[in-house]
Number of protein chains: 2
Amino acid sequence: MSSNENPVPTVVPVKKKRLNRELVLSAALVLVDSEGLDALTMRRLGQELGRDPMSLYRYAANRAALLDGVSELVLNELAIFSDDPDWRAQLRRIAHDLRRLALRHPNVVPLLVTRPLSTPLGLRPLGTLRPLEQILSLLIDAGFTADSALHVYRAYYGYLYGHILNELQEFIVDPDENEALLRLGLHRLPPKDFPRLRALAPVLADYDGAAELDQGLDILLAGLAARLSLPEAPIQP
Amino acid sequence: MSSNENPVPTVVPVKKKRLNRELVLSAALVLVDSEGLDALTMRRLGQELGRDPMSLYRYAANRAALLDGVSELVLNELAIFSDDPDWRAQLRRIAHDLRRLALRHPNVVPLLVTRPLSTPLGLRPLGTLRPLEQILSLLIDAGFTADSALHVYRAYYGYLYGHILNELQEFIVDPDENEALLRLGLHRLPPKDFPRLRALAPVLADYDGAAELDQGLDILLAGLAARLSLPEAPIQP
DNA sequence: AACAACTTCTCTACGATGTAGACTGTAGCC
DNA sequence: GGCTACAGTCTACATCGTAGAGAAGTTGTT
């Protein structure tokens, strides 16, 4: 009676504020970033927010929807607009932005690449589709027909996602023991069956993701530029 | 006593044979192919094999290991060797093989792209590394230095995985109502924010994965061939 | 045939998870 | 005040992965 009304604040940092979708999603993102996808359970997230797990269902229909929300939230960090008239420079910049985004949220990448598999294109969250639309615009403004802009987008984004997956696979262990561990791992491979791979150990050990990405883009953009200068579409005047 | 020793065969099609890893994994694959990743629970797989779920732990340390096994099993379906001296033709063929593999096992693709993220390169199952080794060989034989063969491999496989993810995203719904559903979905998009995407509805509706893949490969291989003819590595005589 | 050593498979049990459904509080409005 | 709508909570349940102890089956030795 003479004690404080609030039972005991214990771990909860924030006073009980009204929840909302953004709050829930960003707490979820923090959790995923710091402890991985598996740590994102309804109970745990509820605890993190100082709320009953059930309260979350007001803001996401179920766990899968929560995951989609997180993935949308991350994609929204990507800013596309820019008036740079050089479309190749733009594509390059976007590529590096996306790469950095992925490195900032490595645990979310599996969501980015697999969640859309469960949702037909038209029904995805708008945030997810915005990059697509903006890149289409960019390409069309650059002179591609709508039709081939789509194909170019696919090749471009396909490569981008592939690169990101590749890069993340290289860097789970911390860079210090990276080389040692890597060699150790490679050492396990039968020399007869994996001569090339084993010989590449030193090269594998120092991986420069940004440079790797740029090399790939060089190839891709060169190819695209060549395509642009051709009379590619029959409708084109 | 007068009845058969075997209690009741009920649903079990095969007599109780001794289990082994291959049996378990291929049953798991069948399950994943037909009902999706979520259907692959230890209990369900046990039931499918007419065994106690616990018996599975003899052949896979835990569920994650089981998933890795399935993904390795699928990758083993990919045959790389071939003495075609034209490396570009080979890369093209492998790309299409992998694409078909992915279409044959769409539910496994999420595993293929995300499971390796949890395992450092050197510690992955050998089956998973074999394609890497073989493609490296192929490229080195084609005249690339070991060093740049690795970079080329990355660009190539990166694009490949990206394409596959892209393609699978287009085709979850069945082709009949595909167009309708697609339009329906797109119709939901605010016309102001998504003019390009909406306009592309008809193009989106008839997607030819193989052709798309080939276009991307055209770009990539052209770029690579150009690179090959350059004096790329200082060590090269 | 009899035993022993082993591998394989089964049983039971536990803690954790997602989520349905009924309930309790709380905020705004008349 | 009383009323309505919505936010948050409580309890409960089916299902999951898997630990640990034991039963059943297989194989080798004598």
inquiry  = Please tell me if A/Arg63 has a side-chain N or O lying less than 4.0 Å from either OP1 or OP2 of C/dG18.
reply    = yes
task = Would you tell me if any nitrogen or oxygen in the side chain of B/Tyr59 comes within less than 4.0 Å of OP1 or OP2 on C/dC9?
result = yes
task = Quickly work out the B/Leu49 CG to C/dT10 C1' distance and round it to whole Å.
result = 15 Å
task = Could you tell me whether B/Glu72 and B/Arg124 make a salt bridge, using a distance below 4.0 angstrom between a side-chain N and a carboxylate O?
result = no
query = Mapping A/Leu19 and B/Arg58 onto DNA chain D by nearest heavy atom, which one lands closer to the 5' end?
reply = A/Leu19
key: Side chain of B/Asn62 - closest among D/dA12, C/dA20, D/dT18   = D/dT18
note = To the nearest angstrom, the CZ-P distance between A/Arg21 and D/dA7 comes to 14 Å
ask   = Atom CZ of B/Arg51 to atom P of C/dT7: distance rounded to whole Å?
value = 18 Å
task = State plainly whether the residues A/Glu167 and B/Arg154 are in salt-bridge range, i.e. N to O under 4.0 Å.
result = no
key: Electrostatic pair A/Arg104-A/Glu77, nearest N-O below 4.0 angstrom   = yes
message = Checking A/His163 against A/Glu212 for the side chain to side chain donor-acceptor pair (under 3.5 Å) test, could you report, in this order, the C-alpha distance in whole Å, the side-chain angles of both residues, the deciding distance, and whether it holds?
response = CA-CA 8 Å; A/His163 168 84; A/Glu212 199 80 42; over 6 Å; no
query = Do the side-chain N and O atoms of A/Ser71 and A/Arg115 include a donor-acceptor pair separated by under 3.5 angstrom?
reply = no
task = Kindly calculate the angle separating the two end axes of the helix from C/dA1-D/dT30 to C/dC30-D/dG1, each obtained from five base pairs, and round it to 10 degrees.
result = 10°
request  = Would you mind telling me which residue lines up with the more 5' stretch of DNA chain D, A/Ser55 or A/Arg43, judged by nearest nucleotide?
outcome  = A/Ser55
query = Do A/Val32 and A/Leu111 come within less than 4.5 Å of each other through their side chains, counting heavy atoms only?
reply = no
